[in-house]
Number of protein chains: 2
Amino acid sequence: MFMKMELLPAKTVERLSEYRRTLINCLKEGKEFIYSHELARLHHKTAVQVRRDIMLMGFSGIQRKGYRVKEMIDAIGKILDCKNGQNVAIVGIGHLGTAILQYFTGKRPKLKMTALFDVDKNKTGREINGIPCYHVDEIPEIVEDKNIEIGIITVPPEYAKETAERLISAGISGILNLTTIPLNVPEDVYLEEYDMITSLEKVAYFSRVLKK
Amino acid sequence: MFMKMELLPAKTVERLSEYRRTLINCLKEGKEFIYSHELARLHHKTAVQVRRDIMLMGFSGIQRKGYRVKEMIDAIGKILDCKNGQNVAIVGIGHLGTAILQYFTGKRPKLKMTALFDVDKNKTGREINGIPCYHVDEIPEIVEDKNIEIGIITVPPEYAKETAERLISAGISGILNLTTIPLNVPEDVYLEEYDMITSLEKVAYFSRVLKK
DNA sequence: ATCTTTTTGTTTAATAATTAACGAATTAAT
DNA sequence: ATTAATTCGTTAATTATTAAACAAAAAGAT
C-alpha cells in the first residue's frame, strides 16, 4: 500500500487549521455541506485558494454540492493531527501562558497539554486548570519522562534564551516562541515565533497609511 | 520639497518592527554600528533581505562600517510611528488582554494605550496598570472622545463579532483581532488577525513532518 | 601607493504564493 | 431530452517575495 505524504506549504497548513475551526462551528450549527466560496468568504480568502488548499491535502468535494463538512474535518485531522497525539508544555504561567492554557482546554484532543513550568513557588507543585505545574529546573526530567514534543515559551524576555536552551537539550522537537526575543534553534527543532507588538505596529502603520 | 512616501510591503513593515526591537537592545548594550549580516543572523534572515528592507525605507548605511544603530532606530520610527501618536484600546481585559497591557507599558510611546474595555464590574470604573477601564457599552463615546484609532480584541470568541461592530461604528481605523473568530470589516478598516492555536498546530505539523 | 578584503546598494534572477482560466460534472429548469 | 447554471479540480499565468550577483566604496595590509 502506498501512502502519499508530501510536505504541504506552510501557508496551506495555516489555512487548513483555520478552516477546521470554522468547519467545526458549521457542524455544530448542523450544516452538512459547504461551498468553497462560503468557506472563502468566512476567511477573507478566494474560493480558488480554498479549493486549491483542499486539493493539496488530497480531499475531494462533490460537484455542485460542495464539501461534506464532517468528512473534511476528518481529512484535515489526518493532515494536522498526529495519530497518537503530541504532548505540549507551556513555560511561563503568567497572563499570556494562562490565556493559552485556558484557550486550549478541551479544544484539540490530539495536542495534549501535559505540563506547565514556572519559577513561582505559588504556581509550582500543584495543578493549574488540571495540568501539573513544575519548576523550570525540572524541565529535563519531565520533558523526557512525559515525552513532551512541543514547548510554548511565554516567559519574560530576559529568560527566553535559556528557556529555549533547556527545552532543546531536553529533546523538544518544536517551539512556539511568544516572547519578544528571537531565538536560535538547531536545524532539527522547528521554531515558530510571534510577536504581538509587531502585529500592532503593522496595524498602526497600515491603518494610517491606507486611509486615502 | 518632495517627500517620497510609497507603501512598503507588509512583510517589510513586519521586519522593520522586529529590527527596531533588536536595535533598541543593541543601543542599550552600547553598540554604535551594526552590519546587515549581524541583524540578519539575529532574526533568521539573510543579509540581503535586511539590506533590501533598509533600502526600501530609504535609509543608508556606511560602507564597511554598517548601519548607525541610533539613526536607524529613528529612521524606522519615521516609517512606523505616527508623528502625533495613535491611540489604542484593548477590549476584553482577561488574561490575554492583561498580558498585552503589561507587555506594552512604556515600550512604544507613539502607541498610546488610552482605554480598556470590559464587562466585568470589578474591572470597569477604575484604572488598570494606569489605564482607565470602561464598560464596553461606553465604546462609542470613549472611542470618539479620546480619538482612539486602533482596537485590540481579546474578548471571548462569542463576543468577537459584536465587539468589532461596536468599534467600527465608533469610527476605529484598525483592528487587531486575537480571538479565534475571523471578522469582517469594511474596506476602510485595516484588520490583522492572529490565532495562537493555528500557530501551535503549525508547530505540531512541521515538528512532526520535518524530522527525517 | 597598490592590492585585498569587506560591506553596502541595487539590479537581475529564482522561487513561492496567489489568482485566473477552463474543462468536467452535476443539478435544475424548460 | 436539452439547455442553463453552478461548482469542483487542475493547469497555466500572474504577482509577490526572496535570494543571487555584482559594482562601488571604504578600510586595512603590504
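Everything numeric in this text was worked out from a predicted model, so none of it was measured.
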### Message
Whether A:S36 contacts D:dT7 is assessed here as follows: a side-chain N or O lying under 4.0 Å from the phosphate OP1 or OP2. Is that the case?
### Response
no

### Message
Distance check needed: C:dA16 P versus A:L8 CG, whole Å only.
### Response
15 Å

### Message
Heavy atoms only, 4.0 Å cut-off, all strands: where does B:I54 land among base, sugar-phosphate and nothing?
### Response
nothing

### Query
Passes salt bridge (charged side-chain N to carboxylate O under 4.0 Å, His left out), A:D74 versus A:K78? Steps please.
CA-CA 6 Å; A:D74 294 342; A:K78 284 229 174 65; over 6 Å; no

#### Entry: Closest to side chain of A:V48, choosing from C:dT10, C:dT19, C:dT18
C:dT19

### Query
Can you tell me how far C1' of D:dA16 sits from CD of B:Q49, to the nearest Å?
13 Å

## Note on the structure
Comparing nearest nucleotides in DNA chain C, the 5'-proximal residue of the pair A:P9, B:F59 is B:F59

### Message
Base, sugar-phosphate or nothing for B:S60? Non-hydrogen atoms, less than 4.0 Å.
### Response
sugar-phosphate

### Query
Taking N and O atoms by type only, does the side chain of A:Q63 place a donor or acceptor under 3.5 Å from a partner on the base of C:dT26?
no

### Task
Answer yes or no: are there more than 12 heavy-atom neighbours, outside B:F33 itself, under 6.0 Å from its atom CZ?
yes

### Query
Atom CZ of A:R15 and atom C1' of C:dA16: how far apart are they, to the nearest Å?
12 Å

### Residue pair B:T198 / A:E14: nearest heavy atoms and the distance that separates them
CG2-O, 3.7 Å

### Query
Does B:Y67 have a side-chain nitrogen or oxygen under 4.0 Å from the phosphate oxygens OP1 or OP2 of C:dG9?
yes

### Query
How close or far is atom P of C:dT26 from atom OH of A:Y35, stated in whole angstroms?
14 Å

### Task
Please confirm whether any donor atom in the side chain of B:R51 sits under 3.5 Å from an acceptor in the base of C:dT7, or the reverse.
no

### Query
Expressed in angstrom and rounded to an integer, what is the separation of B:M55 atom CE from D:dT18 atom C1'?
13 Å

### Message
I need the CG-P distance between B:L56 and C:dG9, as an integer number of Å.
### Response
12 Å

### Task
Return yes if a side-chain donor-acceptor contact under 3.5 Å exists between A:Y103 and B:T180, otherwise no.
no

### Message
Using whole Å, what does the distance between atom P of nucleotide C:dG9 and atom NZ of B:K65 come to?
### Response
14 Å

### Message
Using a distance-only criterion (donor-acceptor N/O pair, under 3.5 Å, no hydrogens), is the base of C:dA28 paired with the side chain of A:R64?
### Response
no

### Residue met sooner reading DNA chain C from 5', once B:G61 and A:K45 are mapped to nucleotides
B:G61

### Message
Could you report the tightest heavy-atom contact between A:N84 and A:K112, atom names first, then the distance?
### Response
O-NZ, 3.4 Å

#### Entry: Integer-rounded Å distance: C:dT11 C1' and B:R52 CZ
9 Å

